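Here is the structure we will look at.
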Amino acid sequence: MDKVKKQKLKKTEAAKPKYNMWQNSWFMIKLAWTSGEKKVIILSLLSAALVVSLNLVNLYVSPTILSAVERHVSVRELFMTIAGFVLGLMLVSAASAYVNTNILFGRVSIRIEIANLLNRKAATTSYPNVDDDKFIKLLVKSRECTYSSNEATEAIWTTLTTLVTNITGFLIYVSLLTTVQPLLILIIIATTLISFFLGNYLNGYGYRHREEEAEYEKHMNYLSTRAEDLSAAKDIRIFGLRHWIKELYEKAMDCHTAFHRKAQGVYIWSPIADLVLTFLRNAIAYAFLISFVIRDGLGAAEFLLYFTAVGGFTVWVSGILSGFGSLYKQSLDLSTVRECLEYYEPFQFDSGSHIEAEAERKYEIRLENVSFRYPGAEQDTLININLTLHPGEKLAVVGLNGAGKTTLIKLICGFLDPTVGRVLLDGQDIRNYDRADYYTMFSAVFQDFSLLAGTIAVNVAQNDVGIDMERVKECVEKAGLRQKVESMPGGYETYLNREVYEEATLLSGGETQRLMLARALYKNAPFIILDEPTAALDPIAESEMYRKYHEVTGGRSSIYISHRLASTRFCDRIILIDNAGICEEGTHEELLKLGGKYAGLYDVQSKYYREGDAENE
């Protein structure tokens, strides 16, 4: 029983937003100030003042004219009174329209700034967060909050402006109505508070169940992205996956729709409660006003003023109620955004020691008693790894699929931190460094690489500003791709990625591999990492590509990963990963003479290729 209570308590704490309405409102105000959009704050206050002024002019126009008629003023005075009010209404309305038009641009800029902050967080967050399901859900939900002007990151300014307007009007009308009956004010405030807290609870349903909603949205986003991905187009057609993907998407959409239908069933009780309480407030207000008129007597002008004020007062109260309800819901979204932006970073960045990569310097990387287990896994992927990558050494890491080769590379590159042990760069634990600085030590080509939506030169330089074209051409030449590139109509300015550019060129698998080599060479980092980037190529093409890498990387330290053992024979040292550890180590010839697992795997693979050659003959 105690365990069940603790689990319920933990879920309740997880559902509670980290920041309240006031903290999130202050966050937006500070963001407007620091992002250079101070005018949004000033114009919002001015807009509120103009709306209140317009309301007060409308409040007094009819009673004032009626009072003038009762006093039998001259036609000229009556005309001047009416003209004064009309002119006042025109000026205030024009000023209000002007302010509301010009405030829009600043509000959009602030929303875009938040979108930029989220993109920066996603692009620079510690690598473990990329695989963290909670972070991914937060990021998906946060990005939704920046999609349009109706989302919280922009709509909150309208809500805050409306609240300031309603609260100002409320205070002015309170001072006016206290002359009628102070108890009336207390009754209206009491019903307002009841409606407010009830609305808060009902409107908080979506936030309390945001992870459930994010789960459905994550599935839909994944499926829609895969369906649009050109790299998956062939598989979708060959294997007839269209109907299957469509069916999965529709199931996720049905779950998402059912969730929102359930949420709307909860939300609808908020306006119903508000309607009942508003009716109650109005009934009590009118009863007090009528009794005051009957008991004390009022002139027609005063009666009209108080009658209009009572109706206006209930509008201010309703506005405050709905405003706080909207602010609460928007605050929940903003809290999600802030939780994403402030998500825990296990790595040090600016707070770490700075290091500058020197291409010609000889560095040493050492793994001491390193073990690693993925979060939620039942056993370690790697156990007690002791490995030194010597300056200028060519190291091959081989093993069967799933042995832990890529995990080892992620540890060396600093994408992951060991569960146990240390990774050292020249004797210093890499956890002490600015991790972004540490990443500059590596030029890497992984299994899953990306082509940017840009020119060939941009893809090689990984930048669109300050590109050294001579260096780009030199790297393309070394990669063996110069003839192909210069034969294209656009040359180095040829665009890649047809998802963005219709005229983009499609490179073959081998050409793309050479482009990745040119990219790695352009960076000119002290370490070269190749994590099976040629797995899609045939064994001969892979072997040739690896030798090409070997030829052009000079004396820099390199790590080559492959499950094809023959591809890395040229390396100074080969380690075989098996059973979560290094089971064999040596040169290709030494490992063959050893007659262990490496020799056995090599024999199986070479036999397979020999049999294939015989069949082809």
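It should be emphasised that the depicted structure is a prediction, and the values quoted were computed from it without experimental measurement.
Side-chain contact between Asp572 and His390 is absent, with no heavy-atom pair separated by less than 4.5 Å. Proximity of Val476 to Tyr492: side-chain heavy atoms (C-beta onward) are separated by under 4.5 Å at one or more points. Contact annotation: the side chain of Leu517 never approaches that of Val445 to less than 4.5 Å [non-hydrogen atoms, C-beta and beyond]. Arg471 is listed as a side-chain neighbour of Asn524, based on a closest heavy-atom distance under 4.5 Å. Residues Tyr249 and Arg226 have side chains not in contact (no heavy-atom distance under 4.5 Å, counting atoms from C-beta outward). Between Leu481 and Leu515 the shortest side-chain heavy-atom distance falls below 4.5 Å. At a threshold of 4.5 Å between non-hydrogen side-chain atoms, the residues Asp434 and Asp350 count as touching. Looking only at side-chain heavy atoms (C-beta outward), Thr125 and Asp132 stay at 4.5 Å or farther from each other.
Considering every non-hydrogen atom in both Lys484 and Ser487, the closest pair reads O-OG, 2.6 Å. Taking every heavy atom of both residues into account, Ala518 and Val460 meet most closely at O-CG1, 3.8 Å. Taking all atoms of both residues into account, the shortest heavy-atom contact from Phe347 to Gly414 is CE1-O, 3.4 Å. For the pair Glu393 and Thr388, the tightest heavy-atom approach, listed with the atom from each and the gap, is OE1-O, 3.8 Å. The two atoms that bring Phe442 and Ile529 nearest to each other are CD2-CG1, 3.7 Å, heavy atoms only. The two residues Ile528 and Arg556 come nearest to each other via the heavy atoms CD1-NH1, 4.2 Å.
For Tyr222, the OH atom sits in a loose shell: 12 or fewer heavy atoms of surrounding residues, nucleotides or ligands are nearer than 6.0 Å. In this structure, His243 places its NE2 atom where only 12 or fewer heavy-atom neighbours from other residues, nucleotides or ligands lie under 6.0 Å away. For NZ of Lys362, the number of neighbouring non-hydrogen atoms (other residues, nucleotides, ligands) closer than 6.0 Å is greater than 12. Residue Lys593 places its NZ atom among 12 or fewer non-hydrogen atoms of other residues, nucleotides or ligands, all under 6.0 Å distant. Counting non-hydrogen atoms of other residues, nucleotides and ligands closer than 6.0 Å to NZ of Lys523 gives a total above 12. Remark: Glu503 CD is packed, more than 12 non-hydrogen atoms of other residues, nucleotides or ligands lying under 6.0 Å away.
Rounded to the nearest 0.5 angstrom, Asp426 CG and Arg366 CZ are separated by 9.5 Å. Rounding to the nearest 0.5 Å places CG of Asn497 at 9.0 Å from CG of Leu506. One finds the OH atom of Tyr147 at 11.5 Å from the OG1 atom of Thr153 (value rounded to the nearest 0.5 Å). Taking CG from Leu367 and CG from Asn384, the interatomic distance works out to 11.0 Å, rounded to the nearest 0.5 Å. Taking CG of Leu408 as the reference point, atom CD1 of Ile577 lies at 5.5 Å (rounded to 0.5 Å). Considering OG1 of Thr587 and CD1 of Ile574, their distance stands at 7.0 Å, rounded to 0.5 Å.
A donor-acceptor contact under 3.5 angstrom links the side chains of Glu339 and Ser335, judged on distance only. A donor-acceptor contact under 3.5 angstrom links the side chains of His219 and Glu215, judged on distance only. The closest side-chain donor-acceptor pair between Glu345 and Ser126 falls under 3.5 angstrom. Thr406 and Asp531 are linked by a side-chain donor-acceptor pair at a separation below 3.5 angstrom, with hydrogens and angles left out of the test.
Checked for salt-bridge contact, Glu151 and Arg143 miss the test: no charged N lies under 4.0 Å from a carboxylate O. Glu368 and Arg422 are joined by a salt bridge, as a carboxylate oxygen and a charged side-chain nitrogen come within less than 4.0 angstrom of each other. Of the charged side-chain nitrogens involved, at least one lies within less than 4.0 Å of a carboxylate oxygen, so that Asp417 and Arg435 count as a salt-bridged pair. Salt bridge annotation for Lys473-Glu477: absent, with no cationic side-chain nitrogen under 4.0 angstrom from a carboxylate oxygen. Using a 4.0 Å cut-off between a side-chain N of Lys or Arg and a carboxylate O of Asp or Glu, Lys597 and Glu584 do not qualify as a salt bridge.
Ring geometry for Tyr560 against Phe570 counts as perpendicular: the plane angle is over 60°, on a 0 to 90° scale with 30° as the lower cut. Classification of the His588-Tyr598 ring pair by plane angle, with boundaries at 30° and 60°, yields perpendicular. Below 30°, between 30° and 60°, or above 60°: for Tyr501 and Tyr495 the angle between ring planes is between 30° and 60°, a tilted geometry.
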Checking Ile412 against Phe527 for the side-chain contact (heavy atoms from CB on, under 4.5 Å) test, could you report, in this order, the C-alpha distance in whole Å, the side-chain angles of both residues, the deciding distance, and whether it holds? CA-CA 10 Å; Ile412 291 173; Phe527 295 95; over 6 Å; no

Worked verdict on Glu358 versus Tyr363 for side-chain contact (heavy atoms from CB on, under 4.5 Å): CA-CA 9 Å; Glu358 301 175 35; Tyr363 296 90; 3.6 Å; yes

Does the pair Arg338 and Lys18 meet the rule for a side-chain contact (heavy atoms from CB on, under 4.5 Å), with working shown? CA-CA 9 Å; Arg338 294 182 67 186; Lys18 187 176 180 179; over 6 Å; no

Please walk me through it: do Gln348 and Ile430 pass side-chain contact (heavy atoms from CB on, under 4.5 Å)? CA-CA 10 Å; Gln348 292 193 77; Ile430 67 170; over 6 Å; no

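A distance-only check finds no donor-acceptor pair linking the side chain of Asp603 to the backbone of Ala599 [under 3.5 Å]. Judged by distance alone, the side chain of Lys405 and the main-chain N or O of Leu400 form a donor-acceptor pair under 3.5 Å. The backbone N or O of Ser508 lies less than 3.5 Å from a partner atom in the side chain of Glu511, making a donor-acceptor pair. Judged by distance alone, the side chain of Arg237 and the main-chain N or O of Ala233 form a donor-acceptor pair under 3.5 Å. The main-chain N or O of Ala461 is never found under 3.5 Å from a side-chain atom of Asp468 such that the two would form a donor-acceptor pair. Judged purely by atom type and a 3.5 angstrom limit, Ser443 uses its side chain to pair as donor or acceptor with the backbone of Ala520. In terms of modelled atom types and a separation under 3.5 Å, the side chain of Gln462 and the main chain of Asn459 share a donor-acceptor contact. In this structure, Asn463 contributes its side chain and Val465 its backbone to a donor-acceptor pair below 3.5 Å. The closest donor-acceptor contact from the side chain of Arg573 to the backbone of Glu585 lies at 3.5 Å or more, if one exists at all. Using modelled atom types, one side-chain atom of Arg111 and one backbone atom of Thr146 make a donor-acceptor pair closer than 3.5 Å.
Qualifying side-chain contact (heavy atoms from CB on, under 4.5 Å) partners for Asp131, counting only residues two or more places apart in sequence or in other chains: Tyr127.
Checking each of Ile385, Asn386, Val420, Ile383 against Asn369 for a side chain to side chain contact (heavy atoms under 4.5 Å, CB included) leaves exactly one that passes, namely Asn386.
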